[in-house]
Amino acid sequence: IHNALVETMLINGDNRVKYGVRVYNAGELMLLRDLHIQRFTKSGIWLAGAHATMQLENIEVNMSGDYALRISKHPVYSGSGGQVKIYGLSGDVNTNGHVLVNCNTILMIDGLKAESVPNGTTNIVLLTSLPYDADCFNNQELTLSSEIVLALRNVRVNTVTTNLNFVAIT
C-alpha cells in the first residue's frame with residue numbers, strides 16, 4: 001500500500017474480532033492518524049511483513065486482549081521489518097502490554113502513555129525473536145537477521161501496578 005491514509009475513526013471490535021487494523025507490507029507514505037481503537041481479542045493494530053517507512057500519529061488503543069500494537073513477521077508473505085515511526089500512542093487495559101516487536105524493525109516512538117493493565121506484569125515494550133503465537137508464526141522459530149532498533153521519547157506510565165519494562169528476549 002503506497003500513499004495510503006486511514007484517519008479520524010473509532011474502531012470497536014466488541015471483543016468479537018482478533019485485530020482492529022491490519023497492515024501488510026506497507027509502502028511509502030502509509031499513515032494511520034487520529035484513531036481510537038478498542039476491544040479486540042488480540043491486538044488493536046497489527047503491522048506485518050516488510051515495511052517501507054510508515055507512520056502512526058495520535059493513536060489510542062484500549063482493552064486489547066493481547067498487545068495494543070503488534071509489529072511482526074507475516075505468516076505467509078516474505079520479509080519482515082522496516083521502519084515504523086509513532087508520534088503519540090496511548091492506551092489503557094491492554095492485557096499483555098503496549099507494544100510487541102517480533103521481527104527486524106526500526107521503531108521510533110515519541111510520546112507513549114500506558115496505564116491500567118489488568119495482569120499487573122505488563123511489558124510496555126517487548127522485543128523478542130521467539131515465536132509469539134500460532135497466528136503469526138505457526139510455531140516456527142523466527143531468526144532475526146539484523147538488530148531491532150528502538151528509540152523512545154516522552155514515555156509516561158501511570159499506574160501503581162505496572163512496571164516500566166523493556167524486555168529483549170533472543
Side-chain angles (χ1 to χ4, degrees), residues 4-23 26 29-48 51-72 81-130 132-133 135-136 147-169:
L5 171 64
V6 177
E7 70 175 337
T8 316
M9 297 177 76
L10 166 62
I11 304 170
N12 187 342
D14 199 24
N15 291 323
R16 297 177 188 203
V17 181
K18 286 184 181 181
Y19 303 101
V21 176
R22 290 193 277 185
V23 178
L29 303 178
M30 174 71 191
L31 175 61
L32 304 176
R33 179 172 54 207
D34 298 330
L35 299 179
H36 180 101
I37 300 168
Q38 64 186 21
R39 302 180 67 203
F40 287 89
T41 60
K42 287 281 188 175
S43 297
I45 301 173
W46 181 18
L47 308 178
H51 299 292
T53 300
M54 67 170 300
Q55 194 164 299
L56 287 74
E57 297 176 357
N58 194 28
I59 306 290
E60 180 180 8
V61 182
N62 297 316
M63 297 173 278
S64 293
D66 198 11
Y67 284 84
L69 170 63
R70 171 191 305 235
I71 303 171
S72 67
Q83 184 172 7
V84 179
K85 294 181 178 182
I86 301 172
Y87 299 97
L89 176 63
S90 67
D92 301 330
V93 196
N94 293 299
T95 302
N96 290 326
H98 218 55
V99 179
L100 169 70
V101 178
N102 196 251
C103 63
N104 300 315
T105 196
I106 297 171
L107 174 62
M108 191 277 297
I109 302 175
D110 188 350
L112 173 67
K113 190 273 292 171
E115 61 184 75
S116 303
V117 179
N119 68 12
T121 58
T122 292
N123 300 302
I124 301 303
V125 178
L126 174 64
L127 310 175
T128 178
S129 63
L130 301 176
Y132 187 69
D133 68 25
D135 280 355
C136 297
E147 295 180 5
I148 297 172
V149 178
L150 174 67
L152 295 171
R153 291 183 4 179
N154 303 319
V155 176
R156 178 179 154 228
V157 178
N158 185 18
T159 181
V160 294
T161 60
T162 301
N163 295 320
L164 182 59
N165 296 325
F166 299 97
V167 180
I169 302 171

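These numbers come from a predicted model, not from an experiment.
Taking 4.5 Å as the limit, every side-chain heavy atom of Ile86 sits out of range of all side-chain heavy atoms of Asp110. Residues Asn62 and Ile37 have side chains not in contact (no heavy-atom distance under 4.5 Å, counting atoms from C-beta outward). At a threshold of 4.5 Å between non-hydrogen side-chain atoms, the residues Arg70 and Tyr19 count as touching. The shortest side-chain heavy-atom distance between Ile11 and Phe40 falls under the 4.5 Å cut-off. With contacts defined as side-chain heavy-atom distances shorter than 4.5 Å, the pair Met30/Leu5 does not qualify. Between Gln38 and Val61, every side-chain heavy-atom pair lies at or beyond the 4.5 Å cut-off. Thr41 is not listed as a side-chain neighbour of Val17, based on a closest heavy-atom distance of 4.5 Å or more.
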For this session: Please test Leu69 against Val84 for side chain to side chain contact (heavy atoms under 4.5 Å, CB included), starting from the C-alpha separation and ending with a verdict.
Result: CA-CA 11 Å; Leu69 170 63; Val84 179; 5.6 Å; no

For this session: Apply side chain to side chain contact (heavy atoms under 4.5 Å, CB included) to Lys113 and Asp92, showing your working.
Result: CA-CA 8 Å; Lys113 190 273 292 171; Asp92 301 330; 2.8 Å; yes

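The residues Asp66 and Lys18 are annotated as not salt-bridged, no charged nitrogen and carboxylate oxygen being separated by less than 4.0 angstrom.
Minimum heavy-atom separation, Asn12 to Asp14: OD1-N, 2.8 Å. Scanning both residues, Ser64 and Gly44, for their nearest heavy atoms gives OG-N, 3.3 Å. Among all heavy-atom pairs drawn from Ala26 and Met54, the shortest one is CB-SD, 3.7 Å. Residues Tyr67 and His98 approach most closely at CD2-N, 3.8 Å, considering heavy atoms.
Every residue two or more places apart in sequence or in another chain that forms a side chain to side chain donor-acceptor pair (under 3.5 Å) with Thr53 is listed here: Gln83. With sequence neighbours left out, the salt bridge (charged side-chain N to carboxylate O under 4.0 Å, His left out) criterion links Glu57 to Arg33.
A distance of 6.0 Å separates CE of Met63 from CZ of Arg39, quoted to the nearest 0.5 Å. Here Leu107 contributes atom CG and Ile109 contributes atom CD1; the two are 4.0 Å apart, rounded to the nearest 0.5 Å. From Leu47, atom CG reaches atom CG of Leu100 across 11.0 Å, with rounding to the nearest 0.5 Å. To the nearest 0.5 Å, the span separating CG on Leu56 from CG on Leu35 amounts to 8.0 Å. Taking CG from Leu10 and CD from Glu60, the interatomic distance works out to 9.5 Å, rounded to the nearest 0.5 Å.
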